[in-house]
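Notes follow once the structure below has been shown.
Note that this is a predicted model, so its numbers are computed, not measured. Note that ligands are numbered from 1 as they come in the structure, with each ligand's atoms numbered from 1 the same way.
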Amino acid sequence: MTTPTIELKPSAHPLSDAERRTILADPGFGRHFTDHMVTVKWTEGRGWHDGQLVPYAPLALDPATMVLHYAQEIFEGLKAYRQPDGSVATFRPEKNALRFQASARRLGMPELPVETFTEACDALVRQDREWVPGHGGEESLYLRPFMIATEVGLGVRPANEYLFLVIASPAGAYFSGGLKPVSIWISEDRVRAVPGGMGDAKTGGNYAASLLAQAEAATKGCDQVCYLDAVEHRWVEELGGMNLYFVYGDRIVTPSLTGSILEGVTRDSLLTVARDLGYRAEEGRVSVDQWQRDSENGTLTEVFACGTAAVITPVGTVKRAGAEWRQSGGETGAVTQRLRDALLDIQRGTAPDPHGWMHRLA
Ligand SMILES: Cc1ncc(COP(=O)(O)O)c(C=O)c1O
């Protein structure tokens, strides 16, 4: 398989500096998009071809395009951070590229070579580098690579044409004015993923399946929903868009990858960062009853969620049917804060990068 080289066809009408600066002053999340996007096609027999960087624009799709009917779609999320010397670096893009390949396998889609994934992200960040917020804060440029089935037809089978795209959106600090613990509703009836299903793939269907439970969490006064395993409704899996960690003093535990949990890049990075800082970091099983009991008896000292969007989010109030408790007195725990600072410092380039995670662009 040949690796396409991205042909650069930049916009003749990018936003003015003043317009871009106005957006960057308060970007929010996922509300604004940069001037360009990258597209790469795949067709059966020809493989990956026609990689282009073009002006950001709507797609024209036939109403019978397969993705609109059978949801053959996968995506990724990663960030580019401004470094102290003004350069830009993305965080572990190869990890996202490998997860993208795993998602593609699960959905019967063609695997994009790791080099093409990184080349596409690099081309977009280089072209739109002025969109990467300044160094020092928690702002970043969020990259959204994704792939859709573009064959036209209503037959139910893997498509024979696909389109890979990368778009980018400036992201403000997730928490303005300091870390704020999130409240969690533990859903004991609805599940996100089942054994043999596609919970470990990053595909839109998993998020569609999570929206109702997320809305129910909101009616319980909670920010996020936590899913349990689909068989026993007992073992803690993850949140709708973040993995979980349980802190027992100097030991931290995250639910093992069972096939129905998304293997988060942040989750994986924290296993290493925590060990570097001298904590015992483990994968294991935590039941919902254990969570409640250990919180109440004080052995479970902190709980936090982690993911690309917020890096680390402390968990404050936890609710399940018939019970409610507060984690760490509803405050951000010391371990949570320390791990968050350590990972963010690597990403912002203010701490050494001993594991070679930062992918520097010119
Ligand atoms: C379901 C789910 N779990 C976990 C994560 C965290 O993954 P990562 O750390 O790679 O962002 C995400 C976010 O991407 C997610 O959507």
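Contacts between Arg192 and ligand 1, counted as non-hydrogen atom pairs separated by less than 4.0 Å, involve the side chain only.
For Phe75 and Tyr207, the ring centers are positioned less than 6.0 Å apart. Aromatic ring centres of Tyr81 and Phe91 lie farther apart than the 6.0 Å criterion allows.
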Report task. Assess whether salt bridge (Lys or Arg N to Asp or Glu O under 4.0 Å) is satisfied between Arg192 and Glu238, documenting all intermediate values. Result -> CA-CA 9 Å; Arg192 173 186 172 275; Glu238 61 177 324; 3.0 Å; yes
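None of Val88, Thr34, Leu24 except one satisfies the side-chain contact (heavy atoms from CB on, under 4.5 Å) rule with Val132; the exception is Val88. Checked against Pro170 for a side-chain contact (heavy atoms from CB on, under 4.5 Å), the options Leu141, Asp128, Asp26 give a single hit: Leu141.
Residue contact check: Leu262 has heavy atoms under 4.0 Å from atoms 2 (C), 3 (N), 4 (C), 5 (C), 12 (C), 15 (C) of ligand 1. Remark: ligand 1 atoms within the under-4.0 Å shell around heavy atoms of Thr308 are 8 (P), 9 (O), 10 (O), 11 (O). Residue-ligand proximity, Glu238 to ligand 1, at heavy-atom distances under 4.0 Å covers atoms 1 (C), 2 (C), 3 (N), 4 (C). Atoms of ligand 1 lying under 4.0 Å from at least one heavy atom of Gly307, given by number and element, are 6 (C), 9 (O), 11 (O).
No N or O atom of Gly264 sits closer than 3.5 Å to an N or O atom of ligand 1. At a 3.5 angstrom cut-off on N or O pairs, Tyr207 counts as close to ligand 1. Between Arg267 and ligand 1, no pair of N/O atoms sits closer than 3.5 Å.
Using 4.0 Å as the threshold, Lys95 has no heavy atom nearer than that to any atom of ligand 1. Between Gly240 and ligand 1 there is a heavy-atom distance shorter than 4.0 Å. At a 4.0 Å cut-off, at least one heavy atom of Arg99 sits close enough to ligand 1 to count as contact.
Of the candidates Asn96, Thr266, Asn243, the one placing a heavy atom closest to atom 4 (C) of ligand 1 is Asn243.
For Thr203 (side chain) and Glu73 (main-chain N/O), a donor-acceptor pair under 3.5 Å exists by modelled atom type.
Distance from atom 14 (O) of ligand 1 to its nearest protein heavy atom, with residue and atom name: Lys202 NZ, 2.7 Å.
With a 6.0 Å cutoff to the six-membered ring centre and a 45° limit on the axis angle, Lys220 counts as a cation-pi contact of Trp185.
With respect to Glu161 and Arg46, no salt bridge is recorded, no charged nitrogen being found less than 4.0 Å from a carboxylate O.
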